[in-house]
There are 2 protein chains.
Amino acid sequence: MARTQGSHSDITGPRIQAAALKLFAQHGYAAVSMRQIAKEVGVQAGALYNYTPDKQSMLFRLMKTHMVDLLTAWEESESPEGPLEQLRHFTRFHIRFHRERPEEVFIAYMELRNLSPENFAEIEALRGQYENALETILKAGVEAGQFHVPDTKIATLAVIAMLTGVNTWYRAGGRLSLDEVEAIYWDMVRKSVAP
Amino acid sequence: MARTQGSHSDITGPRIQAAALKLFAQHGYAAVSMRQIAKEVGVQAGALYNYTPDKQSMLFRLMKTHMVDLLTAWEESESPEGPLEQLRHFTRFHIRFHRERPEEVFIAYMELRNLSPENFAEIEALRGQYENALETILKAGVEAGQFHVPDTKIATLAVIAMLTGVNTWYRAGGRLSLDEVEAIYWDMVRKSVAP
DNA sequence: ACGTTATATGAACATTTGTTCAGATAAAAG
DNA sequence: CTTTTATCTGAACAAATGTTCATATAACGT
């Protein structure tokens, strides 16, 4: 056999991406073989190389797409007036965006060490941009006297770590709705930077 | 050749543990081979099997030892009076303990999915015990009217996520001393659960 | 209908993987 | 010194790894 009926790169491509995403998130990049990904798609391993130069590029692509999506979504979101409202907006945005992409988030946090140095640097730069968005808000709030944090850089990382932690326990259909979760976290974030 | 001069299980055993710890933390469990571990120790791969039944047991042992050490250290630490002081004590303890064992912490968080179901359950139970320690403090504080948190379980996870995040950026000899870091985080934790 | 291009197969490759084991040597015990 | 026990080597195993490529067929453009 050779080319199969109905085969098309517009279909196979995304399916390969999706399979890699799922399997990397489930078992980890290093533990997943190209043959497993191919099997998930219903194709032979060799066919994957029509869509990626190598395995490592698949990982990088997933992570980069995720980070770019994150930054784009943030920039496109409506930013309210005033540091306090902006912080609230960031809190809601972060929880919601991350909750919608648990697999991408998991990979973006866990597989950094499997990136080549150049790829790693690129992802880290994007992450830095995102952190800057929050730090800018915190700095403005401190200057306006609405926040008190001993160190805006650390507060930024602390808040992000706290919010991202939602993904480790939240399950849809659980005890709490996403709205409730957002309210709870917003209460804690708001107070943690209060004067 | 066969048995080597000066060889002794009391020496080789710990060295294997240390090598596995270092390499698992650096490259991830799945990405590290038994031969790499053996090479780090200066021994052939076959010799490892005098100390572990298989690779997976090495991982489990590392994780279990870490979790038991954590719980033991917590139980042995002097607990002050009153929820607020206990929360402060927990904050300091958590940051310090985790800062002293970055490799163990990293592995304990990242390699859960590589455990067999039974092993996973055992580690998760230990983690649950530790989380309970904090939740107990929070509950007491809420009852005494000293804390306000919408949900003690979530607050527990949020605080732990925030504190463990220290490990992702703190480097000895950096801009801030460990004392300063503790003070900064304590400020945020205290306020986040304030009434 | 036909030529071109896109997309897959399936076999092959050199390496590497976790693990086993018989045999050899060192250390400890008698 | 001799025997027993502990510890390691080195070779071996089948299976799995990432990747390449000649080849075949489907889809598309004309």
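In the text below, chain A, chain B and the rest are named by the order of the sequence lines, each starting its count at 1. Side-chain atoms are counted along with the backbone in the values below, which use heavy atoms only and exclude waters and symmetry mates.
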Point to revise | Whole-Å gap separating P (dG18(C)) and CG (N114(B)) | key: 12 Å

Practice item. Write down the distance between OH (Y49(B)) and C1' (dA12(D)), rounded to a whole number of angstrom. Key: 14 Å

Review point. L48(A) has an atom CG; how far is it from atom C1' of dA8(C), in whole Å?
Key: 11 Å

Exercise for review: Take atom NZ of K39(B) and atom C1' of dC8(D), then tell me their distance rounded to the nearest Å.
Suggested key: 18 Å

Point to revise | Flag if over 12 foreign heavy atoms under 6.0 Å of NZ, K191(B) | key: yes

**Study point:** DNA chain C: 5'-proximal contact among R35(B) and S7(A) (nearest heavy atom)
**Key:** S7(A)

Check your understanding: Tell me: NZ of K55(B) to P of dT20(C), nearest whole Å?
Key -> 15 Å

Exercise for review: Give the rounded distance in Å between these two atoms: CD1 of I16(A) and C1' of dT7(C).
Suggested key: 11 Å

Check your understanding: Of the nucleotides dA24(C), dA26(C), dG18(D), which has the atom closest to the A2(B) side chain?
Key -> dA24(C)

Exercise for review: Just call it for V32(A): base, sugar-phosphate, or nothing, with non-hydrogen atoms closer than 4.0 Å on any strand.
Suggested key: sugar-phosphate

**Study point:** Side-chain N,O (T12(B)) to OP1/OP2 (dC8(D)) below 4.0 Å
**Key:** yes

Check your understanding: Would you say the side chains of T72(B) and D69(B) form a donor-acceptor pair under 3.5 Å?
Key -> no

**Study point:** Residue mapping more 5' on DNA chain D - nearest nucleotide basis, A30(A) or D10(B)
**Key:** D10(B)

Exercise for review: State which of dT17(C), dA27(D), dG18(D) makes the closest approach to the side chain of R3(A).
Suggested key: dA27(D)

**Study point:** base_contact_polar (dA8(C) base, N50(A) side chain, donor-acceptor, <3.5 Å)
**Key:** yes

**Study point:** Spacing of D54(A) atom CG relative to dC21(D) atom C1', expressed in whole Å
**Key:** 17 Å

Exercise for review: Could you please spell out the steps behind the side chain to side chain donor-acceptor pair (under 3.5 Å) verdict for H94(B) and Y130(B)?
Suggested key: CA-CA 10 Å; H94(B) 186 95; Y130(B) 183 65; 2.7 Å; yes

Exercise for review: Return the nearest nucleotide to the side chain of Q5(B); candidates are dA26(D), dC8(D), dA27(C).
Suggested key: dA27(C)

Review point. Any ion pair linking K153(B) and E131(B) (charged N to carboxylate O, less than 4.0 Å)?
Key: yes

Practice item. Provide, to the nearest angstrom, the distance between the NE2 atom belonging to H8(A) and the C1' atom belonging to dA26(D). Key: 11 Å

Study note, to complete from the structure: The answer to which of Q56(A) and V43(B) contacts DNA chain D further toward the 5' end, by nearest nucleotide, is V43(B)

Review point. With respect to the phosphate group of dT17(D), does any side-chain polar atom (N or O) of S33(A) fall under 4.0 Å of OP1 or OP2?
Key: yes

**Study point:** Position toward the 5' end of DNA chain C (nearest nucleotide), Y51(A) or A47(B)
**Key:** Y51(A)

Exercise for review: Would you kindly confirm whether I37(A) and I11(A) end up in one hydrophobic cluster when ILVMFWY residues are joined by side chain heavy atoms under 4.5 Å apart?
Suggested key: no

